[in-house]
Protein chains: 2
Amino acid sequence: MPLRSTSAATPSRQLDHPEPADIRLEEVLHACADPMRLRIIQALAADAAAACGEIGLACSKSTATYHFRVLREAGVITQRYQGTAKVNELRRADLDAVFPGLLDALLASATAQAGRTREA
Amino acid sequence: MPLRSTSAATPSRQLDHPEPADIRLEEVLHACADPMRLRIIQALAADAAAACGEIGLACSKSTATYHFRVLREAGVITQRYQGTAKVNELRRADLDAVFPGLLDALLASATAQAGRTREA
DNA sequence: CTCATAGTTCGACGACTCTCGAACCTCGAT
DNA sequence: ATCGAGGTTCGAGAGTCGTCGAACTATGAG
């Protein structure tokens with residue numbers, strides 16, 4: 001099948017999110033281990049929900065798409081379409097259910113490090 | 001220079017460990033994001049200190065060396081020589097000082113996931 | 001309809017990761 | 001002095017990652 005082309009369906013562009021039970025620690029950590037993605041996570045932690053473009057990412061649109069996809073497939077964020085935009089949100093509750101305290105520790109660590117770095 | 005050969009120094013084989021202030025969150029996460037290394041961390045969390053060989057790693061010796069080095073350079077473990085063996089230890093205190101709660105959350109998450117997986 | 005906006009997909013590329021075996025080094029024991 | 005056990009180093013290979021630009025696909029506004 002040569003790229004689902006100019007045709008029927010495309011109901012509203014469905015996006016696959018892993019079930020909480022399918023979220024793997026290694027993947028979550030890998031998703032968070034990239035500076036760009038870590039900044040996305042911090043931005044979402046601060047703003048609750050944001051479109052891809054609203055976060056000031058210093059990269060091309062395709063690279064941004066890539067990073068958001070990694071985060072979604074790892075189970076770290078949800079994405080849904082809202083008109084022409086795509087809204088991203090942290091899966092706080094799900095992550096906390098599966099790995100209690102991990103997200104908070106991560107966010108706190110990121111903040112701590114940012115503080116350390118800034119006061120150089 | 002053809003591999004520092006049969007000669008002087010080599011005081012006691014020094015190993016570089018990053019200062020606490022130089023420990024980077026991204027590197028810690030990357031170090032923990034590998035299944036093999038995650039198992040090393042869990043083993044060290046349980047046993048306090050262990051030689052490289054004492055952990056039942058399903059890989060060659062050179063691969064083991066590689067993973068231990070990644071962990072050390074990220075600041076997750078310390079390594080010191082003790083006779084012919086090399087003893088590894090988690091840097092609990094240092095990590096907790098720099099990223100409070102992170103290591104605990106990580107270990108708890110790893111345990112939780114192991115439990116989930118086992119009761120399949 | 002046409003357009004602009006927002007994001008996606010596709011190949012490509014260089015860089016990095018993880019793995020290994022072979023050859024080597026170090027220490028402690030014989 | 002030699003040996004064995006425990007690790008290290010050095011390529012090398014297969015694979016993944018992060019990046020990009022170009023061409024594309026929605027969606028909503030005029």
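Order of the sequence lines sets the chain letters (A, B, ...), proteins ahead of strands, with each chain counted from 1. If you're wondering where the values come from, they're calculated on a predicted model, not measured in any experiment.
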NA contact type, B:Tyr66, heavy-atom cut-off 4.0 Å: base, sugar-phosphate, or nothing? base
Whole angstrom value for the distance that separates C1' of D:dG7 from CZ of B:Arg72: 12 Å
Contacts to DNA chain D from residues 33-61 of chain A, heavy-atom cutoff under 4.0 Å, which residues? A:Asp34, A:Met36, A:Arg37, A:Cys59, A:Ser60
Return the value, rounded to whole Å, for the distance between atom CD of A:Gln82 and atom P of C:dG7. 11 Å
Options D:dT27, C:dC27, D:dG7, nucleotide nearest the side-chain atoms of A:Thr84: D:dT27
A:Phe68 CZ to C:dA6 C1': how many Å, rounded? 12 Å
note: A:His30, atom NE2; D:dC17, atom C1'; distance rounded to Å ~ 7 Å
I need the minimum non-hydrogen distance between B:Ile41 and B:Cys32, along with the two atoms involved. CD1-SG, 3.6 Å
In whole angstrom, what separates A:Tyr81's OH from C:dT5's C1'? 14 Å
Between B:Ser62 and A:Val70, just flag the one whose closest nucleotide in DNA chain D comes earlier from the 5' side. B:Ser62
Nearest heavy atoms of A:Asp96 and A:Gly101, plus distance in Å: OD1-N, 3.8 Å
Minimal heavy-atom distance between B:Asp16 and B:Arg72, with the atoms involved, is O-NH1, 2.9 Å
What one should report as the nearest heavy-atom pair of A:Val28 and A:Phe99 is CG2-CE1, 4.3 Å
Are A:Thr63 and D:dC20 close enough that a side-chain N or O sits under 4.0 Å from OP1 or OP2? yes
For A:Arg69 and C:dT9, give me the distance from atom CZ to atom P, rounded to whole Å. 8 Å
Do you know the tightest heavy-atom contact between B:Ala64 and B:Cys59? N-SG, 3.7 Å
Closer than 4.0 Å, any side-chain N/O of B:His67 to the OP1 or OP2 of C:dT19? yes
Specify the separation, in whole Å, of atom CD of B:Glu73 and atom C1' of C:dT17. 14 Å
Show every salt bridge (Lys or Arg N to Asp or Glu O under 4.0 Å) that has at least one partner inside residues 44-68 of chain A, sequence neighbours left out. none
Using atom types as modelled and distance alone, determine if a side-chain donor or acceptor of A:Gln82 lies under 3.5 Å from a backbone N or O of A:Val87. no
d(CG, B:Leu15; C1', D:dG7) in whole Å: 11 Å
